Amino acid sequence: MAKIEKIELRMVDLVPKVKRTDAIQSFVSQETPIVTITDADGASGTGYSYTIGTGGSSVMRLLADHLAPRLIGRDADKIEAIWHDLEFATHATTIGAITAIALAAIDIALWDLRARKQNLPLWKLAGGAKDRCPLYTTEGGWLHIETQALVDDALEAMAKGFTGSKVKIGKPHGSEDVARLSAVRKAVGDGYEIMTDCNQGFSVDEAIRRAERLRDLDLAWIEEPLPADDIDGHVRLSNSTATPIAVGESLYSIRHFREYMQKGACNIVQVDAGRIGGITPWLKVAHAAEAFDMPVCPHFLMELHVSLVCAIQNGKYVEYIPQLDELTGAKIRIENGHALAPSEPGIGIDWDWDAVKAKSMAEFTTAIAK
């Protein structure tokens, strides 16, 4: 592999297509750091990550001031070595979201470059387990949406062949959550999955109470019921309910996942490549989950996670939330509710560079060269 000669940094601030609310916040902005790495052969790869509205400027300064300059002259094919070197260079600020988000954009770009140079799609390069994966949708399940609209969206998704729908929970009283979910279950029947997401909104006792009230609805999972750093609380909850507990979008280290799996604090792993630090640690978490017989159902980033879920044996679902439509040409291909693995070399994202450049924020656009 040729040496790295140039790194281009951009950030685009995207407005979500629909109003997104959950138990603790509103998702009003998607700051999207984009990193393009070019080697001495003129080949390039592009990676990205995201925030939900805060911290993007800090990510960009970390990239420009501390991480990207360290890439110049490195062998781009030594992805494992680069990832660990960059993590160590920022060890005083790890483990945390800002560092992980910055590392992710670089690591994804390196995997894109490697796949392009080997003329392989990422899903084959990273494992090649299957060529499609089922989708579930979240876009019609936000907390502010009225019950009938939840039902209508779930019925529409089911008609398209989707596997399930996610409904946000965390209304002021548990009876409201029960009523909303009961209406959806009655409409879709028993053969359609209903996922729920608490967004870390409950105490342990309240989560146990609500899980008991929801038990008869046969939920696919209860996601992020408690603060992500409360592992013992998740153990208590997991031991009190037969409903699977899903975690991962707010974990930033492979060791955090290890503790959850070892202690029986979760049943479903939702590792997010944009938050764990890229594809390199994502694959490690996914393979560890397989050793625990746990499925991987990654959070968000559907345009990238299609390839990663198809790469691994225990990849189960991809979450349908379109993120990059404003910045891409061809979208992910869907047949009967399943996302098809991309056939093109690279991570499978067809960047519209005119759109990317037009929407890039000038104050965060930087090029670092040899």
Side-chain angles (χ1 to χ4, degrees), residues 19-28 51-54 96-97 136-147 150 154 164-185 193-253 256-257 259-272 275-276 294-295 297-300 317 319 321:
K19 181 180 179 182
R20 296 172 178 170
T21 60
D22 58 42
I24 64 169
Q25 64 202 349
S26 292
F27 183 167
V28 297
T51 79
I52 61 169
T54 59
Y136 74 90
T137 181
T138 295
E139 283 292 72
W142 302 98
L143 195 63
H144 68 279
I145 295 175
E146 296 297 328
T147 301
L150 294 177
S165 293
K166 183 189 288 182
V167 177
K168 300 286 183 172
I169 62 176
K171 289 289 188 179
H173 196 274
S175 61
E176 297 174 83
D177 287 333
V178 173
R180 285 156 57 85
L181 291 165
S182 296
V184 176
R185 174 57 74 204
E193 297 286 12
I194 301 174
M195 296 78 172
T196 63
D197 189 353
C198 317
N199 293 99
Q200 306 183 72
F202 296 140
S203 66
V204 179
D205 291 337
E206 183 64 18
I208 292 172
R209 180 186 181 206
R210 295 208 186 194
E212 176 64 20
R213 297 191 68 169
L214 296 170
R215 180 183 58 183
D216 293 339
L217 294 177
D218 189 27
L219 301 176
W221 67 65
I222 297 174
E223 180 177 331
E224 284 206 314
L226 312 172
D229 55 1
D230 186 3
I231 299 177
D232 289 341
H234 281 86
V235 172
R236 278 186 59 198
L237 175 60
S238 294
N239 288 338
S240 74
T241 180
T243 303
I245 303 301
V247 301
E249 72 176 83
S250 301
L251 301 182
Y252 304 101
S253 164
H256 292 163
F257 281 97
E259 290 187 61
Y260 266 89
M261 290 186 275
Q262 282 183 332
K263 293 184 177 182
C266 68
N267 311 96
I268 294 167
V269 170
Q270 294 185 305
V271 58
D272 181 331
R275 291 188 171 183
I276 191 65
M294 291 185 187
C297 308
H299 166 259
F300 221 30
Y317 299 130
E319 181 176 20
I321 303 181

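Since the structure is predicted, the reported quantities are computational estimates derived from the model, not experimental observations.
Judged as a side-chain hydrogen bond (donor to acceptor under 3.5 Å, both in side chains), and not counting sequence neighbours, the contacts of E249 are H299. By the side-chain hydrogen bond (donor to acceptor under 3.5 Å, both in side chains) test, D205 pairs with R236, sequence neighbours left out. Remark: D177 engages R210 in a salt bridge (Lys or Arg N to Asp or Glu O under 4.0 Å) (not counting sequence neighbours). Every side-chain hydrogen bond (donor to acceptor under 3.5 Å, both in side chains) that Y260 has, sequence neighbours left out, goes to H234. Contacts of T54 classified as side-chain hydrogen bond (donor to acceptor under 3.5 Å, both in side chains), with partners at least two apart in sequence or in another chain: none.
Across all their heavy atoms, I276 and F257 have their closest contact at CD1-CE1, 3.7 Å. Listed here is the closest heavy atom pair of A183 and T147: CB-CG2, 3.5 Å. Here the shortest heavy-atom pairing between P225 and L237 reads CG-CD2, 3.3 Å. Between L181 and I169, the shortest heavy-atom contact is CD1-CG2, 3.7 Å. Closest approach of L143 and K171 over heavy atoms only: O-NZ, 3.1 Å. Nearest heavy-atom pair, P244 versus I268, reported as atom, atom and distance to 0.1 Å: CB-CD1, 3.8 Å.
Checked by atom type and distance alone, the side chain of S238 pairs as donor or acceptor with a backbone atom of A265 at under 3.5 Å. One N or O on the side chain of E319 and one on the backbone of F300 form a donor-acceptor pair closer than 3.5 Å. Looking at S240, its side chain never comes within 3.5 Å of a backbone N or O of I208 through a donor-acceptor pair.
Proximity of T241 to E212: side-chain heavy atoms (C-beta onward) are nowhere separated by under 4.5 Å. The shortest side-chain heavy-atom distance between L226 and V204 falls under the 4.5 Å cut-off. Counting heavy atoms from C-beta outward, K263 and D232 have side chains that approach closer than 4.5 Å. A heavy-atom distance below 4.5 Å is found between the side chains of L214 and V178. Side-chain contact between V184 and S165 is absent, with no heavy atoms from C-beta onward closer than 4.5 Å. With a 4.5 Å cut-off on side-chain heavy atoms, D272 and P298 do not count as touching.
With respect to E146 and R180, no salt bridge is recorded, no charged nitrogen being found less than 4.0 Å from a carboxylate O. A salt bridge between E206 and R209 is present, with a side-chain N of the basic residue lying under 4.0 Å from a carboxylate O of the acidic one.
Going from atom CE of M294 over to atom CE of M261 covers 6.5 Å, rounded to the nearest 0.5 Å. Put simply, CD1 on I245 and CG on N267 are 6.5 Å apart, with the number rounded to the nearest 0.5 Å. Note that CG of L251 is 10.0 Å distant from CD of Q270, once rounded to the nearest 0.5 Å. Distance check, rounded to the nearest 0.5 Å: CD1 of I321 to OH of Y136 gives 7.0 Å. One distance of note links SG of C266 with CD1 of I222; it measures 13.5 Å at 0.5 Å rounding.
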Steps toward side chain to side chain contact (heavy atoms under 4.5 Å, CB included) verdict (R20, I52): CA-CA 10 Å; R20 296 172 178 170; I52 61 169; over 6 Å; no
Cut-off 3.5 Å, no hydrogens considered: what does the side-chain donor-acceptor table look like for residues 193-202, sequence neighbours left out?
from : atom 1 : to   : atom 2 : distance (Å)
T196 : OG1    : W221 : O      : 2.9
D197 : OD1    : N199 : N      : 3.0
D197 : OD2    : K168 : NZ     : 2.8
N199 : OD1    : K168 : NZ     : 3.1
N199 : ND2    : D22  : OD2    : 3.3
Q200 : OE1    : A228 : N      : 2.7
Q200 : NE2    : S250 : OG     : 3.1

